[in-house]
Amino acid sequence: QAYQRNPLQPRVLTARALVELHLLGVDSALIWLKQALAVSPNYPPALYTMGILYRDWIDNPIVAKTYFEKFLKVAGDDSHAEEARRYLKELLAVRDRNASAPDAPPPDAATALTAVRAALANEAYDEARTRLKRALDRFPRNADLLWEMAILQDRHRVATYRDRFAPGR
C-alpha cells in the first residue's frame with residue numbers, strides 16, 4: 001500500500017527490496033534497491049542493504065566494500081555503522097595477509113576458494129559448483145579455482161554414479 005501511495009520514496013523502495021529478497025530472490029531485490037538509489041543516491045539504508053546483498057548473498061566483497069564505504073560516508077551514527085566498519089577492517093586484514101603471500105589468490109578468490117573447499121568436504125556439490133561458477137566469472141584465469149572445478153567435476157561424477165547404482169554405501 002505504501003508503494004502505491006508514494007512509489008518513489010527510497011524508504012518504501014528499500015523495504016520492498018527486503019520483501020522481494022525473501023520472496024523472489026536477489027535479482028528482484030537488486031532492482032528495487034537500484035531504484036531507491038536512483039531516487040536518493042545517498043540513502044543510508046539502501047546503501048547498507050546493497051552492501052549486505054553483495055557480501056552475503058552474491059559473494060562479491062569488492063562491490064560490498066564500495067557500498068559499505070559509501071554508507072559510512074553518509075550514515076553518521078547509524079546503528080549498522082559498526083558492522084560496516086568491522087567488515088571493512090576484516091577486508092583490510094585479509095588483503096594484508098595475502099599481500100605477504102605473493103602466490104595467494106586475490107582476497108575474494110581466496111574467500112571463494114575456502115567456501116568451495118568446505119562445501120566439497122561436506123559433499124555439497126551443487127553449492128560448491130554454484131560458488132565456483134561465480135568465482136570463475138570474476139577470476140576466469142585463477143589456477144586454484146580452475147583446479148577446484150576439475151576436482152568438483154571428478155567427485156560429482158563419482159558421487160552421482162555411487163548414489164544411482166549403489167545407494168546406501
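- With values rounded to the nearest 0.5 angstrom, Lys133 atom NZ is found 14.5 Å from Leu145 atom CG.
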Mind listing the side-chain donor-acceptor pairs of residues 17-24 below 3.5 Å, one per line with the distance, residues two or more places apart or on another chain?
{"residue": "Glu20", "atom": "OE1", "partner": "Ser28", "partner atom": "OG", "Å": "2.6"}
{"residue": "Glu20", "atom": "OE2", "partner": "Arg16", "partner atom": "NE", "Å": "3.3"}

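- Pro61 has its side chain within reach of Tyr87: a pair of non-hydrogen atoms, C-beta onward, lies under 4.5 Å apart.
- In this structure, the separation between CG on Leu72 and CD on Glu83 is 10.5 Å, given to the nearest 0.5 Å.
- A distance of 8.5 Å separates CD1 in Ile62 from CZ in Arg138, rounded to the nearest 0.5 Å.
- Arg85 has a carboxylate O that lies under 4.0 Å from a charged side-chain N of Glu82, or vice versa, which qualifies the two as a salt bridge.
- No salt bridge links Arg129 with Glu148; every basic N to acidic carboxylate O contact stays at or beyond 4.0 Å.
- None of Thr14, Leu47, Thr49 except one satisfies the side chain to side chain contact (heavy atoms under 4.5 Å, CB included) rule with Leu37; the exception is Leu47.
- Looking only at distances, no side-chain donor or acceptor of Ser40 sits under 3.5 Å from a matching main-chain atom of Ala36.
- Side-chain rings of Phe68 and Tyr48 approach one another, their centers coming within less than 6.0 Å.
- Here the straight-line distance linking atom CE of Met50 with atom NZ of Lys70 works out to 8.5 Å at 0.5 Å rounding.
- The line from OH of Tyr43 to CG of Leu33 is 10.5 Å long, rounded to the nearest 0.5 Å.
- Rounding to the nearest 0.5 Å gives a distance of 5.5 Å between CG of Leu13 and CD of Gln35.
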